[in-house]
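Side-chain atoms are counted along with the backbone in the values below, which use heavy atoms only and exclude waters and symmetry mates. Just so you know, ligand 1 is whichever comes first in the structure, and atom 1 is the first atom listed for that ligand. Everything numeric in this text was worked out from a predicted model, so none of it was measured.
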Amino acid sequence: MTTLKHILSHMIKKFNKYLSYKNNFLYLEEICLENIKLKFTTPIFCYSLSEIHDNFIELKKSFTKIKPMICYAVKANNHNQILSLLSKSGCGADVVSKGELQKSINNGIMPDKIVFSGVGKTTDEIKYALKKKIKQLNVESEEELEEIAEIAKAEKKNVNICIRVNPDVDPKTHYKISTGRSEDKFGIPNSRIIKLFEKYKNNKYLKIVGLSIHIGSQIQKIKPFETAFKKIKKQVESLRKLGFEISVLDLGGGIGIRYQENDRIINSKEYCLLIEKLFTNMKLEIIIEPGRSLVGSSGILLSSVIRKKSGEKKDFIIIDAGMNNLVRPAMYNARHEIFPVKRKNFKNKKYDFVGPICESADIFIKNNPSQNLQKDDLVVICSVGAYGACMSSEYNLRGNIKEIFIKKNKIINE
Ligand code: LLP
């Protein structure tokens, strides 16, 4: 007979392979999560460093014909532990602010492996990027390019540019994280690209070396990538026919991860195969900018039950993590699975798991079957390694919470 215990054991591994039940207690790597509360307070973010390392190696190994530059999208999680681990593994960075650029450099990522994206780079940020001699700026508008050209001239600094193309492709993800449709604020439409290459072809300081693209995040199927990549490939061919030298192609990030047990998400192999099929013989330096797919699965949010509350229509489990710690459910209707740290084999009942914040949006999961939980029992909210801690706030004057890293039987708390 399949018991609730078996179901939990089977499910939890799908979110992070270093999560497992041993003697009915949940472990992350070799650390029993029940013991975390002896040393730290909840809520607390806990990450498996091995999971991040494995995700990076798996992505890297999935490429067999080309060796792209992997520039981690720092916005997904900018913790020093993550940046330094990825830097030591040879990863570069995709940054969108001076803060991210500085932090990446401080963690050992060499400027020649850093690309700078974003629609609103300020004058100060552009100057800083030029001073640091980063690999390239991914430019999102004609106006931005003009300003970079002026700054480069005034400061007598050379700069490499990729023009971000808006391919008008629907990535079929949540509308708030779709970035490649013509109505989105990102990139420059195909029809205006050639003009820019013409305008700057003889510029002394500014060199347009290629194109970039990023159509959205948490993309679950291969098709939108395929459509967008084919469009950009065509654009490269047209530019080359006109005599422009295109040496770099930055394909952005966007690979989705599993948030629910039955999610069917493309894996990195499929994604890499597509890139190799389209671009292997094109004499292009390929860059990719994965964020979520490298770190998303690594993190859990450990939280304690404050109390249960039985309502007229519903029963609630109120936990000490709230939407200020993890805003994704409130902001994108995202579902993050919740598991008990101490596994019992009691009958399931359905609860809404909610936080303590004074907003009705402060709900993690509605109608979630759960074992009977009591005050002070611990639960984990899964898949919070990306866009979790970095998007948190102190709303309701709840202070920032700790982030700890686990590697085998060690806890790194800095
Ligand atoms: N490159 C660029 C230019 C981006 O804008 C992004 C993400 C990435 C790379 C990395 O995408 P990823 O591989 O992580 O999908 N806060 C939202 C996600 C926002 C993504 C913004 N851009 C969420 O929690 O779902």
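An N or O contact shorter than 3.5 Å links S217 to ligand 1 by distance. Residue contacts with ligand 1: G216 is placed with no nitrogen or oxygen under 3.5 Å of a nitrogen or oxygen of the ligand (distance criterion only). Close N/O approach between S293 and ligand 1 is not found [any backbone or side-chain N/O within under 3.5 Å].
Between the side chains of N324 and N396, no donor-acceptor pair is found at a separation under 3.5 Å. Between the side chains of N138 and Q136, at least one donor N or O lies within less than 3.5 Å of an accepting N or O. Judged by distance alone, the side chains of K153 and N203 never bring a donor and an acceptor atom under 3.5 Å apart. Defined by atom type and a distance below 3.5 Å, a donor-acceptor pair is present between the side-chain atoms of K402 and N413.
Listed by number with element, the atoms of ligand 1 under 4.0 Å from a non-hydrogen atom of M391 are 16 (N). The D94 neighbourhood of ligand 1 comprises atoms 1 (N), 2 (C), 9 (C), with distances under 4.0 Å to a heavy atom of that residue. Listed by number with element, the atoms of ligand 1 under 4.0 Å from a non-hydrogen atom of G253 are 9 (C), 13 (O). Distances below 4.0 Å separate heavy atoms of P290 from the following atoms of ligand 1: 13 (O). Of all atoms in ligand 1, numbered sequentially from 1 with element shown, those under 4.0 Å from a heavy atom of G291 are 12 (P), 13 (O), 14 (O). For ligand 1, the atoms lying closer than 4.0 Å to a non-hydrogen atom of I177 are 17 (C), 18 (C), 19 (C), 25 (O).
Residues V295 and A386 come closest through the heavy atom pair CG2-CB, 3.9 Å. Pairing each heavy atom of H214 with each of T179, the nearest pair is O-OG1, 2.8 Å.
Protein heavy atom nearest atom 25 (O) of ligand 1, with residue, atom name and distance: R292 NH2, 2.8 Å. Protein heavy atom at the shortest distance from atom 24 (O) of ligand 1 is R328 NE, 2.6 Å. Distance from atom 21 (C) of ligand 1 to its nearest protein heavy atom, with residue and atom name: K75 CD, 3.7 Å. Given atom 20 (C) of ligand 1, the protein heavy atom at minimum distance is Y387 OH, 3.6 Å. If you check which protein heavy atom lies closest to atom 16 (N) of ligand 1, you get Y332 OH, 2.8 Å.
Relative to atom 7 (C) of ligand 1, the option among R164, E289, H214 with the closest non-hydrogen atom is H214.
Residue-ligand proximity: G254 is placed with a non-hydrogen atom under 4.0 Å from ligand 1.
You'll find the side chain of R343 stays beyond 4.5 Å of the side chain of L26, heavy atoms only. In this structure the side chain of L130 never reaches within 4.5 angstrom of the side chain of K127, judged on heavy atoms.
Aromatic ring pairs are classed by plane angle as parallel below 30°, tilted from 30° to 60° and perpendicular above 60°; the pair Y47 and F45 is parallel. Classified by interplanar angle (parallel below 30°, tilted 30° to 60°, perpendicular above 60°), the ring pair F405/H79 is tilted.
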Given Y332 and Q218, is the side-chain hydrogen bond (donor to acceptor under 3.5 Å, both in side chains) satisfied, shown in steps? CA-CA 11 Å; Y332 313 110; Q218 185 54 15; over 6 Å; no
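Residue A73 touches ligand 1 through its side chain alone, judged by heavy-atom distances below 4.0 Å.
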